[in-house]
Amino acid sequence: MNYLVTGCSRGVGLEICRVLLEHGHTVYGVARSYTDEFKKLESEFDNKLFFKSIDLGDSENVHRNVFKDFVNNRIQLHGYVNNAAMAYDDIVTNLKLDRLQSMYSVNVFTPMMITKYVLRNMLLHHTKGSIVHISSISAHTGYKGLAMYASSKGALEAFSKDTAREWGGWEYAVMWWFPVLWKRL
Ligand SMILES: NC(=O)c1ccc[n+]([C@@H]2O[C@H](COP(=O)([O-])OP(=O)(O)OC[C@H]3O[C@@H](n4cnc5c(N)ncnc54)[C@H](OP(=O)(O)O)[C@@H]3O)[C@@H](O)[C@H]2O)c1
């Protein structure tokens, strides 16, 4: 099966890639840097792990960068792991709009756009796939200095839950489409 994993260059994302590869899957990884750790994993799983350097802060060009130039519709996607994220840590009284917008592009806007195209790929191929968004405990617990970061994870969680209602199972699809069809009849 084919998985798209963002933030594959290090940390949690790299380990997610490793686990998927160990289970025999093919992984399409995205990050900005092509790290030595990633290259080592690539050498262990020849022809099963692919990489493209993309700045996910560029939400406007995510369709071209990820889906036209890398994971096009000929590749049937079975899963998307939205792991890439950045943290804008500061106290709220120091909040700067440009830094907040940059973080929201990586943590929220781009994952929402990628979800759109992953769903379209799954619909095209009639795939019952999985979409996983990596959140943070800070969205629930509350920490000093993490209000901006936590808010982006809270937005992501809400998006994830509502996407699941919309597309997560046939009963949700019926709930969504039935009123639309009803109005058209
Ligand atoms: N580590 C923790 O304690 C912790 C706790 C709670 C939640 N999380 C969540 O778990 C996930 C992974 O965390 P981590 O600790 O493994 O993070 P990390 O070590 O900072 O790695 C972040 C990954 O995201 C990629 N990334 C960041 N900005 C990017 C951009 N603009 N474009 C493309 N790729 C970008 C980085 O690659 P490049 O820099 O090469 O682009 C890297 O591969 C994140 O969603 C994080 O919020 C982590």
Side-chain angles (χ1 to χ4, degrees), residues 3-22 25-45 48-72 77 79-92 95-118 130-164:
Y3 287 83
L4 171 63
V5 179
T6 62
C8 63
S9 60
R10 59 173 186 269
V12 175
L14 188 72
E15 290 311 307
I16 290 170
C17 293
R18 183 187 304 282
V19 170
L20 288 169
L21 290 161
E22 283 171 355
H25 302 300
T26 299
V27 177
Y28 294 83
V30 170
R32 287 165 302 183
S33 36
Y34 189 33
T35 58
D36 289 342
E37 300 148 272
F38 186 90
K39 285 178 195 166
K40 188 168 174 291
L41 192 62
E42 221 176 14
S43 67
E44 287 170 39
F45 294 90
K48 296 289 270 181
L49 179 60
F50 303 94
F51 176 79
K52 186 156 193 283
S53 174
I54 296 173
D55 183 355
L56 297 169
D58 182 5
S59 306
E60 284 190 8
N61 291 310
V62 73
H63 180 240
R64 189 194 64 215
N65 291 339
V66 179
F67 293 93
K68 287 205 158 167
D69 297 348
F70 190 39
V71 191
N72 61 48
L77 276 176
Y80 162 43
V81 184
N82 164 37
N83 164 78
M86 60 173 284
Y88 170 26
D89 301 344
D90 208 339
I91 53 174
V92 179
L95 176 56
K96 300 265 188 310
L97 183 60
D98 58 339
R99 293 193 60 192
L100 186 67
Q101 284 171 332
S102 299
M103 184 186 65
Y104 262 76
S105 291
V106 178
N107 295 9
V108 184
F109 302 146
T110 292
M112 287 170 77
M113 292 308 291
I114 293 181
T115 300
K116 166 183 167 175
Y117 294 111
V118 165
S130 305
I131 296 176
V132 176
H133 298 283
I134 307 288
S135 186
S136 164
I137 190 72
S138 64
H140 301 274
T141 317
Y143 289 92
K144 183 181 168 185
L146 291 188
M148 286 75 93
Y149 168 74
S151 75
S152 73
K153 293 297 188 180
L156 202 57
E157 286 192 20
F159 177 70
S160 181
K161 271 186 243 176
D162 287 66
T163 305

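One-based numbering, in listed order, for ligands and for the atoms of each.
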J.: For Ser105, is there any backbone N or O sitting under 3.5 Å from a side-chain donor or acceptor partner on Thr110?
T.: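 Pair found, side chain donor or acceptor close to backbone of Ser105.
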
J.: Any idea which residues sit under 4.0 Å from ligand 1, heavy-atom distances?
T.: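 Within 4.0 Å of ligand 1, the protein residues are Gly7, Cys8, Ser9, Arg10, Gly11, Val12, Ala31, Arg32, Ser33, Ile54, Asp55, Leu56, Gly57, Asn83, Ala84, Ala85, Val106, Ile134, Ser135, Ser136, Tyr149, Lys153.
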
J.: Is it true that Arg18 and Glu44 have a side-chain N and a carboxylate O under 4.0 angstrom from each other?
T.: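 Salt bridge: yes.
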
J.: Between the main-chain N or O of Met86 and the side-chain N or O of Asn107, is there a donor-acceptor pair closer than 3.5 Å?
T.: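 Answer holds: yes.
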
J.: Closest approach of Glu37 and Leu14, non-hydrogen atoms and distance?
T.: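 Closest approach of Glu37 to Leu14, heavy atoms only: CB-CD2, 3.5 Å.
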
J.: With a cut-off of under 6.0 Å to the ring centre and 45° to the axis, is Lys39 in cation-pi contact with Tyr34?
T.: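 Here Lys39 passes the 6.0 Å and 45° test against Tyr34.
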
J.: Between the side chain of Thr141 and the main-chain N/O of Ser138, is any donor-acceptor distance below 3.5 Å?
T.: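 Here the side-chain-to-backbone pair does not exist.
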
